[in-house]
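The analysis underlying the following values was restricted to heavy atoms, covering all of them including side chains, and did not include hydrogens, waters or symmetry mates. For clarity, every value in this text was computed on a predicted model and none was experimentally measured.
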Amino acid sequence: MRRKIDYEKELNAAQLDAVRSVDGPYLVIAGAGSGKTRTLVYRVAHLVEKGIKPEEILLLTFTRKAAEEMLRRASLLLDDRCSKVSGGTFHSFANSVLRKYAGLLGLGNNYSIMDQSDAEDTVNLVRTQLGFNKSEKRFPRKSTLLEVISRSVNRSEELGVVLYDEYPQFIEWEEEIIKIRDAYRQYKRAKSLLDYDDLLVYLKELLTRHTEVRAALSRKFKYIMVDEYQDTNKLQAYVVCLLASAHKNIMVVGDDAQSIYSFRGADFKNIIDFPKIFKDARVITLEENYRSTQPILNLTNEIIRSAKEKFEKNLYTKKPGDNIPVFVDARDEHSQSKYIADKILELREEGTELSDIAVLFRSGWHSNDLEIELTNRNIPFVKYGGQKFVEAAHIKDVMAHVRITHNPLDGVSWYRVLLLMRGVGQKTAERIIEEIIGQKKGFDLKEDTFSKTEDMRSLFKLLREVDGVKQTPAELMHAFIKYYQPLLKVKYDDFNKRLNDLDSLERIAARYSSLEQFLVDMALEPPERNIIEAGRGDKDDSRLTLSTVHSAKGLEWQTVFVIYVAEGHIPSYLSLESSDAIEEERRLFYVALTRAKENLFLLKPHVDRSPRSYFSESNTIFTRVSRFLEEGGILDKYIQVEGASNDIFGDIDIEDMVGGDTRVRDAEFLDMLKDYYRDQE
């Protein structure tokens, strides 16, 4: 039975305008929490209800699940005709077209699509055939090679640019990597193999070179809708524009203020330039927010108002609530963690479920200290995005060294430590472990036992020098990290991204006077469970969410904490030399803040000890609040600064926190910051 929908009752004025807009090009700027998905669902139903054949409607989304859910909801609104709308991802759509027209491109219709693992193996095969697997100097692994090639394709950038931006340690191999890329392309074509990127590359080629195919597809898909347009890359946007070139019946929906995925190839210019490509496009803005209270929206509106390029919008809400966002300048990283844990326990006592609370951060390592604090407080949590701290392979590597210092009979840790070494294989490791544990020789092995490699000589020299009883956990950690760093560079292509974790591990160790207690806290009972699993609690428990901002997009919580709201962190130090990158950092901050429904807390450690001796002999610098909170007096106008307390600030002079020489603002500070993190990268 067909149902007639009362659109005026179900939608606000702007949503209704978008739903009833049919012919021609439209750009719908959907502010955070403004009902974007609802608008798309009702528009699908409206087009079908108007008599447009479902098969003539194309809905492109970034996940199959998103398309299926929208069409399911549209079917519930109207009838089953909506389920016949052509909906799916860019890649699935490209595959359906190429299966029919592959012959025009010299491809067989029976081509195979390689998954990530297959593509990496193919790259490795090509690398071996070219002889680059025998290089004496460090050469990128297969996964890194594929990532570099893929990013070059998705960003429509030269391969050398990607290397410079993401993997500067491999710039010397640019010529060889280009040869691998070209041979990889030839191999795929000869074997009728396509990777995910090829689906879009060949679709673009098909639509560009064969006008008759483009015309046929335009006749078939008379109405095109694209979700999350701000996340499209250049290839995807070009394909969409080609598909709509004949009839121009296209509606793209997205939010320029939430374009945060440039590292995946997303191009902010796609949504900004849409009205330039379709010159008669009408822009419809959804501004009524159904998620957050007005004080939160007042802050987020101001944050994005300073963006250099944007579509003007001012989010408002009818939702009650007057809690003003709170800013906390905690003494240091650990005080920041303690404040959050205290506040979470307080909220839980007031009846807030842990599942309604999230802690968001720019980089995965920002939560390292917090993870330890939450576990010690028995606050269950789950982490999304970034690398889970103590589950990370490099953290396990270093901890294995510390464990054998505490317990030389720890065979599992010995095995991990020995296999890290260059020139040591499984049999050699087993033989040495037998001598150490089976024959109870401990560290007193004969010289010829470990003389085969420099790594082994260095290790046993270090093991004989350190003293787990007399030295503090921090001193031990510092010694082992110094020894481990050359191995880290050999083992991991992205070693530069793992260094911050090692620094966090050393800072956490500095809080302990007992090595045994440190190891106990890092590996809670039962012994086989690591710290993150212990932090998760039982399967049915409500859990706190820890998440990178990138992984939190599209989600919402009653209470949100955003940590490390300081220069060099938000915005990231990696963005300081690029105005475009700074603008994306602004949008990322905006996304973080707009996840909050009722309570929003912004925190930064006043003292940052992570750079250690790079800046001062005292191993301490004073952080500067993020520029995004300083612009236009935002911190004074829209945020409540939490009153100082000894628990938060300790013995820091409160006057230093609101101004003065210690709050470094000059170019010298930023130069030092960039120099330090450049070394870390």
Side-chain angles (χ1 to χ4, degrees), residues 32 256-260 262-263 268 296-310 324-330 332-333 336 360-363 365-366 500 548-550 560-596 600-608 610-611 615 621-642 656-678 680-681:
D256 55 298
Q258 297 187 69
S259 178
I260 61 172
S262 64
F263 69 95
F268 173 69
I296 293 173
L297 295 179
N298 291 340
L299 171 59
T300 58
N301 285 334
E302 287 303 311
I303 293 291
I304 209 64
R305 186 162 286 128
S306 298
K308 291 182 179 178
E309 285 190 277
K310 61 184 179 299
I324 297 173
V326 173
F327 175 77
V328 179
D329 199 340
D332 54 22
E333 181 182 43
Q336 176 180 254
L360 306 183
F361 32 85
R362 173 64 180 84
S363 301
W365 68 271
H366 283 164
N500 281 318
T548 60
V549 183
H550 286 103
V560 170
F561 297 86
V562 184
I563 60 176
Y564 270 103
V565 186
E567 283 292 294
H569 301 286
I570 300 177
S572 165
Y573 56 85
L574 294 174
S575 68
L576 298 181
E577 294 181 351
S578 166
S579 60
D580 286 346
I582 288 289
E583 287 303 297
E584 178 154 335
E585 292 291 307
R586 180 194 306 282
R587 298 192 294 270
L588 191 66
F589 189 42
Y590 173 83
V591 167
L593 305 189
T594 54
R595 301 309 95 196
L600 177 61
F601 296 88
L602 311 177
L603 301 96
K604 81 170 180 71
H606 182 64
V607 175
D608 186 359
S610 57
F615 292 137
I621 63 167
F622 295 98
T623 59
R624 169 184 168 181
V625 68
S626 170
R627 68 186 67 190
F628 303 137
L629 292 184
E630 288 190 323
E631 295 168 334
I634 289 176
L635 192 57
D636 299 323
K637 296 177 182 177
Y638 299 97
I639 300 175
Q640 172 188 333
V641 178
E642 185 98 347
D656 286 343
M657 301 177 60
V658 295
D661 294 337
T662 58
R663 199 167 170 193
V664 183
R665 298 171 180 273
D666 56 16
E668 182 181 358
F669 167 78
L670 290 180
D671 288 342
M672 287 191 297
L673 192 65
K674 287 185 286 187
D675 287 342
Y676 164 71
Y677 281 115
R678 188 178 293 113
Q680 296 301 288
E681 289 300 315

Do side-chain atoms of [X] reach the backbone of [Y] as a donor and acceptor pair under 3.5 angstrom?
X    : Y    : answer
K310 : A257 : no
E333 : P605 : no
S363 : W365 : no

Indicate yes or no: at least one non-hydrogen side-chain atom of [X] is less than 4.5 angstrom from one of [Y].
X    : Y    : answer
R627 : P571 : yes
I303 : L629 : yes
V549 : I570 : no

- Item | Non-hydrogen atoms of A592 and L360 that approach each other most closely | O-CD1, 3.7 Å
- Query: If you take all heavy atoms of S579 and K308, which pair is closest and at what distance?
  - Reply: CB-NZ, 3.6 Å
- Using ring pair (Phe, Tyr, Trp, His ring centres under 6.0 Å) as the criterion, list what pairs up with Y638, not counting sequence neighbours. none
- Task: Not counting sequence neighbours, which residues clear ring pair (Phe, Tyr, Trp, His ring centres under 6.0 Å) with F361? List them please.
- Result: none
- Message: Determine whether F589 and V565 satisfy the following criterion, side-chain contact (heavy atoms from CB on, under 4.5 Å), listing intermediate values before the conclusion.
- Response: CA-CA 9 Å; F589 189 42; V565 186; 3.8 Å; yes
With sequence neighbours excluded, what pairs up with [X] under the side chain to side chain contact (heavy atoms under 4.5 Å, CB included) test?
X    : value
S259 : Q230, F268, R587
S578 : D580, A581
A596 : I296, V560, L600
K637 : none

When rounded to the nearest 0.5 angstrom, what is the spacing between [atom1] in [X] and [atom2] in [Y]?
X    : Y    : atom1 : atom2 : value
K604 : I563 : NZ    : CD1   : 13.5 Å
L299 : T594 : CG    : OG1   : 10.5 Å
T623 : E567 : OG1   : CD    : 10.0 Å
L574 : I582 : CG    : CD1   : 10.5 Å

- Take the angle between the ring planes of H569 and Y564 and call it parallel below 30°, perpendicular above 60°, tilted in between. tilted
- Message: Parallel, tilted or perpendicular, judged at 30° and 60°: which one describes the rings of F601 and F561?
- Response: parallel
- side-chain contact (heavy atoms from CB on, under 4.5 Å) assessment of L593 paired with L602: CA-CA 9 Å; L593 305 189; L602 311 177; 3.4 Å; yes
- Query: Who passes salt bridge (charged side-chain N to carboxylate O under 4.0 Å, His left out) against R586, sequence neighbours left out?
  - Reply: E583, E631
- Does E584 have any side-chain hydrogen bond (donor to acceptor under 3.5 Å, both in side chains) partners at least two apart in sequence or in another chain, and if so, which? S262
- Task: Apply side-chain hydrogen bond (donor to acceptor under 3.5 Å, both in side chains) to E585 and list each qualifying residue two or more places apart in sequence or on a separate chain.
- Result: R362
